A.B. asks: 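To start, I am sharing the structure in question, which I have written as structure tokens.
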Amino acid sequence: SDMLPSGFSAEARQERRARRDQQQQEEIFGEAKKFLMEPEIWTYGNMLGYQRKLMDLLGAYSWRRRFAPDDPNVAHLEKELKVLEARTPV
């Protein structure tokens, strides 16, 4: 049989993982949307804050990031952060 030691089939585990991933993406979207709608006007500083929040929501600052440093989404956001930091007055 294709049952794994945990009692769940590989297919059932894959479905659970897909649901969990979808739920996590929806939560990230909701948090990002809420953050985006807060300020009345947008500046480079606001965008910088948003990018940092998004990095945090994606887990870029977590210990897991050390094990998967090649995530292209995080690498792209890190490049954008450098540009926004250069454009934001201290």
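Quick caveat, the model's predicted, so the values are computed rather than measured.
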A.B. asks: Just to verify, what does Q22 make a side-chain hydrogen bond (donor to acceptor under 3.5 Å, both in side chains) with, not counting sequence neighbours?
C.D. replies: E26

A.B. asks: Should L48 and W42 be counted in the same cluster of Ile, Leu, Val, Met, Phe, Trp and Tyr side chains packed under 4.5 Å apart?
C.D. replies: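 Shared cluster, yes.
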
A.B. asks: Are L36 and M55 linked, directly or through intermediate hydrophobic residues, by side-chain heavy-atom contacts shorter than 4.5 Å (ILVMFWY only)?
C.D. replies: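 Same cluster: M55 reaches L36 through Ile, Leu, Val, Met, Phe, Trp or Tyr contacts under 4.5 Å.
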
A.B. asks: Apply side-chain hydrogen bond (donor to acceptor under 3.5 Å, both in side chains) to R16 and list each qualifying residue two or more places apart in sequence or on a separate chain.
C.D. replies: none

A.B. asks: Can you name the residues that form a salt bridge (charged side-chain N to carboxylate O under 4.0 Å, His left out) with E31, not counting sequence neighbours?
C.D. replies: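 Once residues adjacent in sequence are excluded, the partners of E31 under the salt bridge (charged side-chain N to carboxylate O under 4.0 Å, His left out) criterion are K34.
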
A.B. asks: Can you list everything that forms a salt bridge (charged side-chain N to carboxylate O under 4.0 Å, His left out) with E15? Sequence neighbours excluded, please.
C.D. replies: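 E15 satisfies salt bridge (charged side-chain N to carboxylate O under 4.0 Å, His left out) with no other residue.
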
A.B. asks: Provide the full list of salt bridge (Lys or Arg N to Asp or Glu O under 4.0 Å) pairs with a residue in residues 45-59, sequence neighbours left out, each pair given once.
C.D. replies: R52-E85

A.B. asks: Write down the atom of L84, the atom of Y44, and the distance for their closest heavy-atom approach.
C.D. replies: CD2-CD2, 3.8 Å

A.B. asks: Find the distance between CD1 (I41) and CG (N46) and round it off to the nearest 0.5 Å.
C.D. replies: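 I41 CD1 to N46 CG: 7.0 Å, rounded to 0.5 Å.
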
A.B. asks: Does CD in Q14 sit with more than 12 non-hydrogen atoms of other residues, nucleotides or ligands closer than 6.0 Å?
C.D. replies: no

A.B. asks: Flag the pair M47 / R87 as yes when at least one side-chain heavy-atom distance between them is below 4.5 Å, and no otherwise.
C.D. replies: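 Not in contact.
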
A.B. asks: Under the rule for side-chain hydrogen bond (donor to acceptor under 3.5 Å, both in side chains), what residues qualify as partners of E80, not counting sequence neighbours?
C.D. replies: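 side-chain hydrogen bond (donor to acceptor under 3.5 Å, both in side chains) check on E80 returns Q51, H76.
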
A.B. asks: How would you list, by chain and number, every residue that makes a side-chain contact (heavy atoms from CB on, under 4.5 Å) with F29, sequence neighbours excluded?
C.D. replies: K33

A.B. asks: Can you list the residues that meet the side-chain contact (heavy atoms from CB on, under 4.5 Å) rule with I28, with sequence neighbours excluded?
C.D. replies: Q24, L54, L57, L58

